[in-house]
Amino acid sequence: MKGKLFNSIFGIIFFYFTSCSSGIAIRNLQDKQSFHARIIGLLTDDSIKYWKSTEYPFSIEFNKRENQFRTYDKEGKLMISSQQDAMFSKKFELHNMTISIYYVIPNENHSLYLKYDIKKISKDTLLLNNGIRNLIFVKDEKSHI
């Protein structure tokens, strides 16, 4: 009888602690997903968002639906500065506070193009670091399409 009571109490305690820890793990996962969604929302305005460099004559675009990344010159024309730019589109991925931008090459793995660390982001300001310098962007009200 004592053995069954001990096993029952042990089972209840074990179940309680495992359910609590899995609840914490689920909450942490939900928090990470919520954080990721907030950053993507700020980058893209939940659609397409253009960011204008405050120092250099170009703008960048983040497109949420297609995870597409584009660069525009000061006149709003799509920038093509290499053969890869002309041949392949670019996609972005967000990992924590790092944006990785890849060329999409059919039937091959994506080829890394750029990597930025997000230092600050708000509705109208984006501060990126490319490993060499900080790049400051402000929300660009113009549509480049």
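In this text, all values refer to a predicted model and were calculated from it rather than measured experimentally.
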Output, in order, the C-alpha distance, side-chain angles, deciding distance and verdict of side-chain contact (heavy atoms from CB on, under 4.5 Å) for K115 and N130. CA-CA 6 Å; K115 193 176 245 184; N130 65 2; over 6 Å; no

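V138 and I118 are not part of a single hydrophobic cluster, where members link through side-chain heavy atoms under 4.5 Å apart. Linking ILVMFWY side-chain heavy atoms closer than 4.5 Å, directly or via other members, places L114 and F137 in a single hydrophobic cluster.
From M79, atom CE reaches atom NZ of K74 across 11.5 Å, with rounding to the nearest 0.5 Å. If you take CH2 on W51 and CD1 on I121, they are separated by 5.0 Å, rounding to the nearest 0.5 Å.
Residues that satisfy the side-chain hydrogen bond (donor to acceptor under 3.5 Å, both in side chains) test with S47, not counting sequence neighbours, are absent from this structure. Under the side-chain hydrogen bond (donor to acceptor under 3.5 Å, both in side chains) criterion, K139 pairs with D45, not counting sequence neighbours. Partners of K64 according to the side-chain hydrogen bond (donor to acceptor under 3.5 Å, both in side chains) rule, which considers only residues two or more places apart in sequence or in another chain, are D46. For R133, the side-chain hydrogen bond (donor to acceptor under 3.5 Å, both in side chains) partners are Y56, not counting sequence neighbours. Residues that satisfy the ring-ring contact (aromatic ring centres under 6.0 Å, His included) test with Y113, not counting sequence neighbours, are Y103.
Through direct or indirect side-chain contacts shorter than 4.5 Å among Ile, Leu, Val, Met, Phe, Trp and Tyr, V104 is connected to no other residue. Taking Ile, Leu, Val, Met, Phe, Trp and Tyr as members and joining any whose side-chain heavy atoms lie under 4.5 Å apart, directly or through other members, the hydrophobic cluster of L112 also contains Y102. In this structure, I136 shares a hydrophobic cluster with L127, the cluster being traced through Ile, Leu, Val, Met, Phe, Trp and Tyr side chains under 4.5 angstrom apart.
Heavy-atom contacts from other residues, nucleotides or ligands closer than 6.0 Å to CD of Q83 number 12 or fewer.
Residues H110 and I105 form no side-chain contact, since every pair of their non-hydrogen atoms from C-beta on lies 4.5 Å or further apart. In this structure, I48 and E61 have side chains that are in contact, with non-hydrogen atoms separated by less than 4.5 Å.
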Show which side-chain atoms of residues 86-100 pair as donor or acceptor with protein atoms under 3.5 Å away, not counting sequence neighbours.
{"from": "K90", "atom 1": "NZ", "to": "D85", "atom 2": "OD1", "distance (Å)": "3.4"}
{"from": "K91", "atom 1": "NZ", "to": "E66", "atom 2": "O", "distance (Å)": "2.8"}
{"from": "E93", "atom 1": "OE1", "to": "H95", "atom 2": "NE2", "distance (Å)": "3.2"}
{"from": "T98", "atom 1": "OG1", "to": "D117", "atom 2": "OD1", "distance (Å)": "2.9"}

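The two residues I60 and L128 have their closest heavy-atom pair at CD1-CD1, 4.4 Å. Counting all heavy atoms, side chain and backbone alike, D140 lies closest to S59 at OD2-OG, 3.1 Å.
Aromatic pair Y72/F58: ring centres not closer than 6.0 Å.
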